[in-house]
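Reading through the structure tokens given below for one structure.
Because the structure is predicted, anything quoted here is derived from the model rather than measured. To find a chain, count down the sequence lines: A is the first, B the second, and so on, and within it residues start at 1.
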Protein chains: 2
Amino acid sequence: MHKSTFTVEDVVHLLGVTPRTLHYYEEMGLLEPACRTNGGHRLYDDASLERIRRVLRLKDDMGSSLQEIKLILDAEQALDQLRALYRSDLSETQRDRVLDESIGLMEGMLERVERKLSRLSTLRESIVERLTRARTLRTSMTPIEQPVVKQADES
Amino acid sequence: MHKSTFTVEDVVHLLGVTPRTLHYYEEMGLLEPACRTNGGHRLYDDASLERIRRVLRLKDDMGSSLQEIKLILDAEQALDQLRALYRSDLSETQRDRVLDESIGLMEGMLERVERKLSRLSTLRESIVERLTRARTLRTSMTPIEQPVVKQADES
DNA sequence: ACTAAAACGTACGTTGACGTCAAGTATTGT
DNA sequence: ACAATACTTGACGTCAACGTACGTTTTAGT
């Protein structure tokens, strides 16, 4: 591993968020810095980055509130901990209760994602239809076939 | 046609929005009632319903702001009017300017929808992966195949 | 004609997700 | 050592998208 600790500024540049956003996520209980310096400056690690990325994805792509996101991420974290302590001191019923809760939450999430996918798909269809109808309205001659615009940047 | 005018309460029940939402959309310039009663009560028609549905879809599914939505819907409406006045008094260049602007906007929208679709798709994949991994963590015996939960309510 | 329910306009309140300042401490490059 | 940044906590500000309350009409049902 190269260097697995990131200062606030690092995160800001890497993920395009503001310091305030990191603080706010921390207030929400969504995020803890991996550690602090003697002086109290926050230090994040790769796991933090992954967590933040997941928050942003759920927020931007699914439009979930930070509260919902907290539930999901907590469930995922609980799973990771279960995996870590595979031979844990918890009873099996205890384990399974945690597991079922997390699994249920993720199943619900999956449903919502798929509903959204299908609705977005029909939305796309309607836009495509409108677009083609609009294009046929043009002064008939469209000499150059509109090339499909390809791009994959992420501002 | 059955009856093509709807009161506020009708719309509220049909689309699950509140009166305040309708008023707000009207303030934004997003929506105009088809007409009013003598006393000033709003009356909507099928076109209104379609417009409101489109607003809700763009908002919920794409997460667009009402400002963006206004741009899109105005462009679409301009197209519809062009279609209506096919032999309009506008010059061809005039017409094409309007057309190009609308088309450009809708192409941009289409791109955004497709970007979101692909990102949601990968999000789904990651959830599915986590889910299967979580399921293998269970106390091995899951005698009943988890039946796919089907539901289509909208609270 | 009359009453209850619904709608009106106006205006102020709320909530989530941050932005923005301020005053003081930490860290870093030279 | 020291200036220039960067970070800290705290507090207040902001903006979109409504919610809510109010006193006043309008409409619908009997």
Side-chain angles (χ1 to χ4, degrees), chain A residues 3 5-45 48-49 51-74 112 155, chain B residues 3 5-45 48-49 51-74 154-155:
Chain A
K3 64 162 183 178
T5 76
F6 306 92
T7 166
V8 168
E9 215 189 14
D10 293 339
V11 178
V12 163
H13 282 106
L14 284 172
L15 301 188
V17 295
T18 71
R20 175 59 175 142
T21 299
L22 297 178
H23 296 166
Y24 185 61
Y25 288 178
E26 199 170 332
E27 288 177 28
M28 296 279 87
L30 254 178
L31 179 67
E32 285 293 320
C35 66
R36 298 261 188 159
T37 69
N38 291 342
H41 285 201
R42 292 167 176 81
L43 286 180
Y44 301 95
D45 62 355
S48 315
L49 290 193
R51 195 173 171 91
I52 300 171
R53 282 202 196 90
R54 267 195 93 61
V55 171
L56 296 178
R57 298 200 69 128
L58 288 172
K59 187 172 74 77
D60 295 340
D61 297 345
M62 271 303 290
S64 306
S65 76
L66 296 186
Q67 288 294 338
E68 293 172 314
I69 295 177
K70 178 170 165 50
L71 290 180
I72 299 163
L73 271 81
D74 285 355
R112 291 186 47 192
S155 94
Chain B
K3 64 162 184 178
T5 76
F6 307 92
T7 166
V8 168
E9 216 189 12
D10 293 339
V11 178
V12 163
H13 282 107
L14 284 172
L15 302 188
V17 297
T18 71
R20 175 58 175 145
T21 299
L22 297 177
H23 296 166
Y24 185 62
Y25 289 177
E26 197 169 334
E27 288 176 28
M28 296 280 87
L30 254 177
L31 179 68
E32 284 293 322
C35 67
R36 298 261 189 159
T37 69
N38 292 341
H41 285 200
R42 291 168 177 82
L43 288 179
Y44 301 95
D45 63 354
S48 315
L49 290 193
R51 195 172 171 91
I52 300 173
R53 283 203 195 90
R54 267 196 94 61
V55 171
L56 295 179
R57 299 199 68 128
L58 288 172
K59 187 170 75 76
D60 295 341
D61 296 347
M62 272 304 290
S64 305
S65 76
L66 297 185
Q67 288 294 338
E68 293 172 313
I69 295 177
K70 180 171 164 49
L71 290 180
I72 298 164
L73 271 80
D74 286 354
E154 200 93 346
S155 96

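In summary, A:Arg42 and A:Asp10 do not engage in a salt bridge, as defined by a charged side-chain N under 4.0 Å from a carboxylate O. Using a 4.0 Å cut-off between charged nitrogen and carboxylate oxygen, B:Arg51 and B:Glu32 do not count as a salt-bridge pair.
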field: From CA spacing to verdict: salt bridge (Lys or Arg N to Asp or Glu O under 4.0 Å), A:Glu26, A:Arg36
entry: CA-CA 13 Å; A:Glu26 199 170 332; A:Arg36 298 261 188 159; 3.2 Å; yes
From CA spacing to verdict: salt bridge (Lys or Arg N to Asp or Glu O under 4.0 Å), A:Asp61, A:Arg54: CA-CA 10 Å; A:Asp61 297 345; A:Arg54 267 195 93 61; over 6 Å; no
task: For A:Arg20 and A:Glu27, run salt bridge (Lys or Arg N to Asp or Glu O under 4.0 Å): C-alpha distance rounded to whole Å, both residues' side-chain angles, the deciding distance at 0.1 Å, then the answer.
output: CA-CA 10 Å; A:Arg20 175 59 175 142; A:Glu27 288 177 28; 3.1 Å; yes
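Between B:Tyr24 and D:dG19 there is no side-chain polar atom (N or O) within less than 4.0 angstrom of OP1 or OP2. An OP1 or OP2 oxygen of D:dC18 is reached within less than 4.0 angstrom by no side-chain nitrogen or oxygen of B:Thr18. Residue B:Thr7 has a polar side-chain atom (N or O) positioned under 4.0 Å from OP1 or OP2 of C:dA7. For the pair A:Arg42 and C:dA26, the criterion of a side-chain N or O lying under 4.0 Å from OP1 or OP2 is not met. In this structure, A:Thr37 does not reach the D:dC7 phosphate: none of its side-chain N or O atoms is under 4.0 Å from OP1 or OP2.
The CG atom of A:Leu31 sits 12 Å away from the P atom of C:dC18 (whole-angstrom rounding). Rounded to whole Å, atom C1' of D:dT8 lies 13 Å from atom CG of A:Leu43. Atom CD of A:Glu26 is separated from atom P of D:dC7 by 14 Å (rounded to the nearest Å). In this structure, A:Ile69 atom CD1 and C:dA17 atom C1' are separated by 11 Å, rounded to whole Å. The distance from atom CG of B:Asp10 to atom P of D:dT27 is 15 Å, rounded to the nearest whole Å. Separating the CG atom of A:Asn38 from the P atom of C:dT28 is a distance of 11 Å, rounded to the nearest angstrom. Counting to the nearest Å, the P atom of D:dC18 and the CG atom of B:Leu22 are 10 Å from each other. When rounded to the nearest whole Å, the span between CZ of A:Arg36 and P of D:dC7 equals 13 Å.
Of all nucleotides listed (C:dC8, D:dC7, D:dC12), D:dC7 comes nearest to the side chain of A:Val8. Checking D:dT20, C:dG19, C:dC18 against every side-chain atom of A:Leu66, the shortest atom distance belongs to C:dC18. Among the nucleotides D:dG19, D:dA16, D:dC7, the one closest to any side-chain atom of A:Glu9 is D:dC7. Out of D:dT26, C:dC18, C:dT27, the shortest distance to the side chain of A:His41 is found at C:dT27. When distances run from any side-chain atom of A:Arg20 to the nucleotides D:dA16, D:dG19, C:dG19, the shortest one goes to C:dG19.
Between A:Gly40 and A:Tyr25, the residue anchored closer to the 5' end of DNA chain C is A:Tyr25, taking for each the nucleotide with the nearest heavy atom. Both B:Met28 and A:Gly39 lie near DNA chain D, and the one whose nearest nucleotide falls closer to the 5' end is A:Gly39.
In this structure the side chain of B:Leu22 reaches within 4.5 angstrom of the side chain of B:Ile52, judged on heavy atoms.
Note on B:His23: only backbone sugar-phosphate atoms sit closer than 4.0 angstrom, heavy atoms only; bases stay farther off.
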